Amino acid sequence: MTIVDQTTKNIVRSAPSRLARLRDSDLWWSFTRHPSAVAAATLLLLLIGSAFFAPFITVQNPYDLASLDLLNAEIPPIWMEGGQWPFLLGTDTQGRDLLSAILYGSRASIVIGAASVAVSLIVGSSLGLVAGYYGKWADGLLMRAGDVLLSMPTMLIAILVSALARQALPPSLREVGASGVIVLAISLSAWVQYARTVRALTMVERNKEYVQAARLIRVPTWRILVKHILPNTTTPLLVTATLNFGLGILIEATLSFLGVGMPPEQPSLGTLIRIGNQYLFSGQWWIVLFPGLQLCLLVVSINVLGDWLRDALNPKLR
Amino acid sequence: MIAFLVKRIGNAILVMLTVAFFAFLIFRFLGDPVEMMVNESATQVERDELRTRLGLNDGFLAQYVRFVTNAAQGEFGLSWRNQQNVITLIADRFPATFELVIIATILSLAIGIPLGVFTAIGRGRWWAEGLQFSSIVGVSLPSFFVGIILILAFSVSLGWLPGYGRGEVVQLGWWSTGLLTPSGRAAVVLPALSLSLFQITLVMRLVRAEMLEILRADFIKFARARGVKRQALWFRHALKNCLMPVVTLTAMQVGNLIAFALVTETVFQWPGMGMLFMQAVTFVDIPVMAAYLCIVSFIFVTLNTFVDIAYAVIDPRLRAA
C-alpha cells in the first residue's frame, strides 16, 4: 500500500516543467553535441542582444542629426593612425559613429527579418491548412498562385514590389511605410513555401482517426484545423522559418543597398554599405567593411542554426 | 506524352499571361503615359488626341490584349527617359548580362564539381568537413558584399583586376562581346566570380550528396573488386552518374543568375540589363521596367518548362504528374 502511494507521488512530483522537458529532449541533446550550433546560438544571442540594447550601449544616436558633428567625419578605426576615442570602428562621411550605426542598423534588420517570417508564416500556414483540408477549387487556386510566384526569383519580386510601391505610395507615407513595404515585398513570395508544406501535411492528417473522431463529436472546423492539425505540422515549418529569417535579413540589406529599401535617414546595414561603396576607391574602406561583416555574422549564425535544426529534426538522420 | 506536353506548355503560357497582366497594370496605371510623352506646352486638345491615338480610351480588356500582342512581338513602346525604343535598349544591354551569366555558370561547374567530389570522398576528414561547413558560409554571404570584398582586395589593394565596367568591347553584328579583348577578359573575372559564389556552393553540396549516395551502390563495389583505380572510380564511374541533377540545377539556376546579376551589375557598374533596370527604377521609366519583367520571366519560364519536358522524355514515370 505504501509502495503504491510512493509511486503515485513520484509520478505526480515528476511531472516535468517546460524547462526540464526541454533539457530532456532529443533536440537539446543534439544541440549540446554540436559545437557549431552552440557557437552560432551564442553569437546570435549576442548580436540580437547588442542590437536591441543599442540605445544604452552606444555613444550616440547616429540617426539623430543633432548628435552628429561633421568635424568627426571620416575618422578611421581606433587602432589606425588618426583613430579617435570613442569611435571604435571609425565614422562615416557624416560623422556618424560606425559602431553605433551598425547596432542600430542590425536592430532594423532583425525586426524586418522577424516580421517577414511572422507575416509569411501566418498567411502561408492558414492558406495551406484551408487548401489541404478542403481541397477542390481552393486548393487549385492556391497552388496555381504559388506556381506563378515561384516561377520568379524571390529577390526579383522583392525588388520589383519595393520599387513600385515607392512610386505608388504618396510621398508622405514613403518614409514611414518603408519597412512595411519591405516586409510585404519579402513575404509576397515567401508564404508559398509554408503553404505548400502545411498543405501536404494537412492532406495526410485530415484522414487520420483523431481528426475523424474530432469531427464526429462536432468540434468546429477551425478548431480542428488550428488545435488538432496545425500542431502536427510545426516541425518542418521551424526549419523553413529559421532559414527564411536569414533570407529576409539578406533581402532587406540587398534592397537597401540597391536604393529601393530603407530610406537613407533610417538605420539599415544595406544603406550603410551603399554609402560606403561610394568611398571604396578613395580609401575609406571601413565604412563598407564593418557593416558588411556584421551582416555576414548575422546571416551565417542563423543559417548554421537552421542547418543544424534541419539535421536534428530529420528522423532519417538520427 | 502529348497530354503532358500540352499541360506543361499550357501552364507556362498561363504564368506568362499572369506576369504580362502585372506588367500591364504597372505600365498602364503607374504614372500617366500621356503626361510623360508630351512636352509642357501641349494643349488639352493635343493631349486628348494622343490619348486616343495610344488607345488609352479603349476598354480595359482590349488594352490588355493589345499589350500582350505587342509584347509577344517584342514591342514595348518608347522609354520615357530618353524616347528610345525599349526593345533596342534591352537588346543593347543583353549581351553583357548574357556573357556574365554564362561565365558565372561555367565557373560554378568548374569549381563546384571538383569541390563536391573532394568533400564526398574525404568525408569525415577535417578538410572535407571544413569545406562543407564553409559552404554554409558561402550560401549566407550577401552577393553584393562578396562583390565589394573582391573589389577591395583585387582592385583597390592589389590592383590586379579592374573593379568596374566591361573593358573594351568588340561589335559582332548587333552582339557586343568583351571576351575578345584583354581588358574585356580582365573585367569579367571579378563580377563573374562574385555572381557564381552562391552557385558554386549549390553545385558543391549537390554533387557531394549525390556522390555519397552513389559510392554506396553495388556497381561501385563491383568495380572496386575488379581492381579499378580509385581515381577512375571516382571521376569516371561515380561522377558520371551524378551529373544529371547537376545539369538540371544549372539550367534552372540560369534564371536566378539573371535576376541576381542585377545586384552584381550594380556593384561592378556592369552595363547589362540589370543596371538598365535599376536606372529605370531610379527614373521611374515604367516601359523599361515592364519590358524587363516580361523578358526575364520569359527566360525563366522557358528554361523551367524545357527542364521539365526533358526530364519527362528521360524518365517516363514523371509524365503522369
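Predicted model, so just to flag it, every value in this text is computed and none were measured. Just so it is clear: chains get the letters A, B, ... in the order the sequence lines come, proteins before strands, and each one is counted from 1.
- Looking at B:Met16, there are no atoms closer than 4.5 Å to chain A (heavy atoms on both sides), in backbone or side chain.
- Chain A forms more heavy-atom pairs under 4.5 Å with one residue of B:Leu293, B:Val301, B:Val267, B:Ile149 than with any other, namely B:Leu293.
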Stepwise, does the side-chain contact (heavy atoms from CB on, under 4.5 Å) test hold for A:Leu160 with B:Phe22? CA-CA 11 Å; A:Leu160 268 171; B:Phe22 283 108; over 6 Å; no
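- The number of heavy-atom neighbours closer than 6.0 Å to CH2 of B:Trp126, taken from other residues, nucleotides and ligands shown, is 12 or below.
- Between chain B and the options A:Val260, A:Thr154, A:Leu289, the largest number of non-hydrogen pairs under 4.5 Å is found for A:Leu289.
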Step-by-step side-chain contact (heavy atoms from CB on, under 4.5 Å) determination, A:Leu156 to B:Tyr292: CA-CA 11 Å; A:Leu156 190 62; B:Tyr292 178 85; 3.8 Å; yes
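- In this structure, B:Glu213 places its CD atom where only 12 or fewer heavy-atom neighbours from other residues, nucleotides or ligands lie under 6.0 Å away.
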For B:Val281 and A:Leu258, run side-chain contact (heavy atoms from CB on, under 4.5 Å): C-alpha distance rounded to whole Å, both residues' side-chain angles, the deciding distance at 0.1 Å, then the answer. CA-CA 10 Å; B:Val281 167; A:Leu258 290 174; over 6 Å; no
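- Within the 4.5 angstrom heavy-atom criterion, only side-chain atoms of A:Leu295, from C-beta onward, approach chain B.
- More than 12 heavy atoms of other residues, nucleotides or ligands lie within 6.0 Å of OH in B:Tyr64, so this atom counts as buried by the packing criterion.
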Could you give me the CA-CA distance, side-chain angles and deciding distance for B:Phe145 and A:Val299, then say whether side-chain contact (heavy atoms from CB on, under 4.5 Å) is met? CA-CA 12 Å; B:Phe145 188 59; A:Val299 182; over 6 Å; no
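- Interface remark: B:Ser297 contributes backbone and side-chain atoms alike to the contact with chain A (heavy atom separation under 4.5 Å).
- In this structure, the side chains of A:Thr254 and B:Phe260 stay at 4.5 Å or more apart for every pair of heavy atoms.
- For chain A, no part of B:Ser143 is nearby; none of its heavy atoms comes within less than 4.5 Å.
- Contact of A:Asn303 with chain B is made through backbone and side chain together, with heavy-atom distances under 4.5 Å.
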